[in-house]
Amino acid sequence: MTTLLQWMEELEQKKTEDPSDLRFQIEWRKNEPMSRHTTFRIGGSAVLYAVCKSVDALAMLTEECRKREIPWLILGNGSNVLFSDEGFEGVVISTTGLDHVTIKEHTVTVEAGANLTAVSKLARDASLTGMEFAHGIPGSCGGAVFMNAGAYDGEMKNIVTESTYLDTADGTLHTLSAEEHCFGYRESIYRSHPDWIIVSAKLTLSPGIKDEITARMDDFMNRRVSKQPLEYPSAGSVFKRYPGRYTAQMIDEAGLKGASVGGAQVSEKHAGFIINTGGATCADVTELIRQIKEKIHEQFGIHIECELIRIP
Ligand SMILES: Cc1cc2nc3c(=O)[nH]c(=O)nc-3n(C[C@H](O)[C@H](O)[C@H](O)COP(=O)(O)OP(=O)(O)OC[C@H]3O[C@@H](n4cnc5c(N)ncnc54)[C@H](O)[C@@H]3O)c2cc1C
């Protein structure tokens, strides 16, 4: 790690006046608390936190990590992760600096760090339909492809026609067709390839009527505001749906609404959410999840699975 920090510091000192210099395209901080970069507001410090503003900079940084055998991980908007209290002895690479979006005819091309909700608004403004479901999902486009994010009968699977990733094993870029994503419920091929970083995606939408698109988006947002505890930090629904059952309803029926461990609490408003009522730790959330799973198994005889991703 020391050698990477030295390398970063040398880069900083060597910065030239040329704005196209790759070294200008990485912003970094030492010992950065990950609680600042996750919607749960939980997580210890990463030795290095780096925001890459170009794909070349991303390739350069991951190559330096590879040569030095320094662990790294990718964070989008940090809205589906539970980050360890111990932090990370490596580099957390944020995609939020890669946020370029272009719209040509019915295709929206997004860089991985573009905010999903912001992109859904751009699609609406271009009178394109198909992305209304994404309005209010607080992730990045890369995170949404990775997770096959979805809501209200829509999912990324329906609109992603292509994505491009950086294979950090050799620094090459590759493009996947829609079928090659192997999308499933909150699943994509990316979940089994931790060395691949999604850098961009093409979303294919259809022409629509702007007022109707707006009405659908407003409806979805109103449902979120009325049903979800958006006033507290969280990572959204903690558990996956169990086939044929509503997990939140089972948690409610098991009498777990309001159950808490430290600062982590099962939301009174939506039992599928765990909220951070203040000072919650990863350990608190982990223990609360354990208790919920145990109770659901006792009462309903089934094992529920987490949607939330524990990192590192
Ligand atoms: C209030 C709230 C409501 C939510 N509602 C919904 C909902 O309705 N539907 C839904 O599906 N989800 C929902 N979520 C969860 C979350 O917003 C989505 O899963 C979102 O897609 C995660 O994107 P992210 O950028 O925040 O990913 P992160 O949380 O940053 O990362 C999630 C995983 O993706 C990986 N990853 C991220 N970007 C990349 C990349 N470019 N390349 C490779 N790997 C990458 C990370 O390494 C990590 O393993 C909600 C969350 C909150 C807080």
Side-chain angles (χ1 to χ4, degrees), residues 34 37-43 51-52 55 58 62 71-83 88 90-99 110-120 132-157 160 163-168 173-174 176 181 183-201 220-221 223-225 227-241 248 267 269-270 272-276 306-312:
M34 287 301 102
H37 303 281
T38 60
T39 56
F40 233 148
R41 301 284 170 254
I42 290 175
V51 181
C52 290
V55 175
L58 185 65
T62 49
W72 54 267
L73 60 83
I74 285 285
L75 202 60
N77 208 36
S79 66
N80 203 46
V81 291
L82 176 59
F83 210 102
F88 185 52
V91 190
V92 171
I93 304 174
S94 164
T95 60
T96 52
L98 289 170
D99 59 357
V110 291
E111 280 195 313
N115 178 283
L116 193 65
T117 291
V119 174
S120 72
E132 294 89 327
F133 76 88
H135 184 50
I137 300 181
S140 66
C141 290
V145 173
F146 182 91
M147 293 298 304
N148 185 22
Y152 308 115
D153 293 333
E155 55 183 343
M156 295 304 286
K157 179 186 176 184
V160 174
S163 73
T164 298
Y165 67 90
L166 172 72
D167 183 348
T168 58
L173 289 172
H174 303 264
L176 296 182
H181 285 79
F183 283 125
Y185 173 56
R186 302 295 173 265
E187 285 294 339
S188 76
I189 192 167
Y190 289 113
R191 296 202 58 169
S192 45
H193 289 277
D195 285 356
W196 295 359
I197 303 175
I198 303 160
V199 295
S200 63
F220 293 157
M221 187 54 95
R223 291 200 229 171
R224 282 181 187 276
V225 171
K227 297 208 171 98
Q228 300 180 358
L230 302 182
E231 54 283 17
Y232 288 98
S234 80
S237 292
V238 173
F239 300 100
K240 289 186 177 176
R241 264 194 331 255
S267 165
K269 196 170 173 185
H270 186 313
F273 279 56
I274 290 179
I275 55 173
N276 179 354
C306 273
E307 174 176 331
L308 186 63
I309 296 177
R310 165 76 199 253
I311 51 176

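Throughout, residue positions are numbered sequentially from 1 according to the sequence presented. In each ligand, atom 1 is the first atom listed, and ligand 1 is the first ligand listed. Note that the coordinates shown come from a computational prediction; the quantities given were computed from them, not determined experimentally.
- When hydrogens are left out, the protein atom nearest atom 53 (C) of ligand 1 is Gly236 N, 3.3 Å; that is the closest non-hydrogen contact.
- For atom 47 (O) of ligand 1, the closest non-hydrogen atom on the protein side is Ile74 O, 2.7 Å.
- Within ligand 1, the atoms closer than 4.0 Å to a non-hydrogen atom of Ala149 are 11 (O), 21 (O), numbered from 1 in the order shown.
- When only non-hydrogen protein atoms are considered, atom 26 (O) of ligand 1 lies nearest to Ser79 OG, 2.6 Å.
- Looking from atom 13 (C) of ligand 1 to the surrounding protein, the closest heavy atom is Ile137 CG2, 3.9 Å.
- The backbone N or O of Asp195 sits less than 3.5 Å from a side-chain atom of Thr168, completing a donor-acceptor pair.
- Ranking the protein heavy atoms by distance from atom 21 (O) of ligand 1 puts Ala144 CA, 3.2 Å first.
- Close approach of ligand 1 to Gly139 is summarised as follows: ligand atoms under 4.0 Å from at least one heavy atom of the residue are 17 (O), 20 (C), 23 (O), 24 (P), 25 (O), 26 (O).
- Contact analysis puts Arg224 in contact with ligand 1, with a non-hydrogen atom separation below 4.0 angstrom.
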Side-chain donor/acceptor pairs under 3.5 Å, residues 229-237, sequence neighbours excluded:
| from | atom 1 | to | atom 2 | distance (Å) |
| --- | --- | --- | --- | --- |
| Ser234 | OG | Gly236 | N | 3.1 |

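- Counting protein heavy atoms only, atom 38 (N) of ligand 1 is closest to Gly143 N, 3.5 Å.
- Using a 4.0 Å cut-off between heavy atoms, Ile309 contacts ligand 1 through its side chain alone, with no backbone atom that close.
- Every atom of ligand 1 with a heavy atom of Leu230 under 4.0 Å away is listed here by number and element: 1 (C).
- The main-chain N or O of Gly272 is found under 3.5 Å from a side-chain atom of His270 such that the two form a donor-acceptor pair.
- Under a 4.0 Å heavy-atom criterion, Tyr165 is not in contact with ligand 1.
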### Derivation and outcome, side chain to side chain contact (heavy atoms under 4.5 Å, CB included), residues Phe146 and Asn80
CA-CA 11 Å; Phe146 182 91; Asn80 203 46; over 6 Å; no
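- Using a 4.0 Å cut-off to heavy atoms of Trp196, the atoms of ligand 1 that qualify are 43 (C).
- Distance from atom 34 (O) of ligand 1 to its nearest protein heavy atom, with residue and atom name: Phe146 CD2, 3.0 Å.
- In this structure, the side chain of Asn148 engages the main chain of Met156 through a donor-acceptor pair within 3.5 Å.
- Distances below 4.0 Å separate heavy atoms of Pro138 from the following atoms of ligand 1: 2 (C), 3 (C), 4 (C), 17 (O), 50 (C), 51 (C), 52 (C), 53 (C).
- With rounding to the nearest 0.5 angstrom, the CG atom of Asn77 is 12.0 Å from the CD1 atom of Ile137.
- Annotation: the span from Arg186 atom CZ to Arg241 atom CZ amounts to 6.5 Å, rounded to 0.5 Å.
- For the pair Ser79/Phe40, no side-chain contact is recorded, criterion being any heavy-atom separation below 4.5 Å from C-beta on.
- Of all atoms in ligand 1, listed by their number and element, those nearer than 4.0 Å to a heavy atom of Gly150 are 7 (C), 8 (O), 9 (N), 10 (C), 11 (O).
- Closest to atom 28 (P) of ligand 1 by heavy atom, among Ser163, Ala134, Gly78, is Gly78.
- The closest approach between Arg186 and ligand 1 falls below 4.0 Å for a heavy atom of the residue.
- A heavy-atom distance below 4.5 Å is found between the side chains of Tyr152 and Arg224.
- Using cut-offs of 30° and 60° on the angle between ring planes, the pair Trp196 and Tyr165 is parallel.
- Backbone and side-chain nitrogen or oxygen atoms of Asn77 are examined, and one is located within less than 3.5 angstrom of a nitrogen or oxygen of ligand 1.
- The distance criterion of under 3.5 Å between nitrogen or oxygen atoms is met by Asn80 with respect to ligand 1.
- Put simply, OG1 on Thr96 and NE2 on His37 are 8.5 Å apart, with the number rounded to the nearest 0.5 Å.
- Rounding to the nearest 0.5 Å places CG of Asn276 at 4.5 Å from CD1 of Ile42.
- For the pair Lys269 (side chain) and Gln228 (backbone), a donor-acceptor distance under 3.5 Å is present.
- Taking every non-hydrogen atom of Ala235 and a distance limit under 4.0 Å, the qualifying atoms of ligand 1 come out as 51 (C), 52 (C), 53 (C).
- Using 4.0 Å as the threshold, Leu73 has no heavy atom nearer than that to any atom of ligand 1.
- Judged by distance alone, with hydrogens and angles left aside, the side-chain atoms of Ser140 form a donor-acceptor pair with the main-chain N or O of Gly143 at under 3.5 Å.
- Residue, atom and distance of the protein heavy atom nearest to atom 31 (O) of ligand 1 are Val81 CG1, 3.8 Å.
- Near Ala112, the atoms of ligand 1 lying under 4.0 angstrom from a non-hydrogen atom of the residue are 41 (N).
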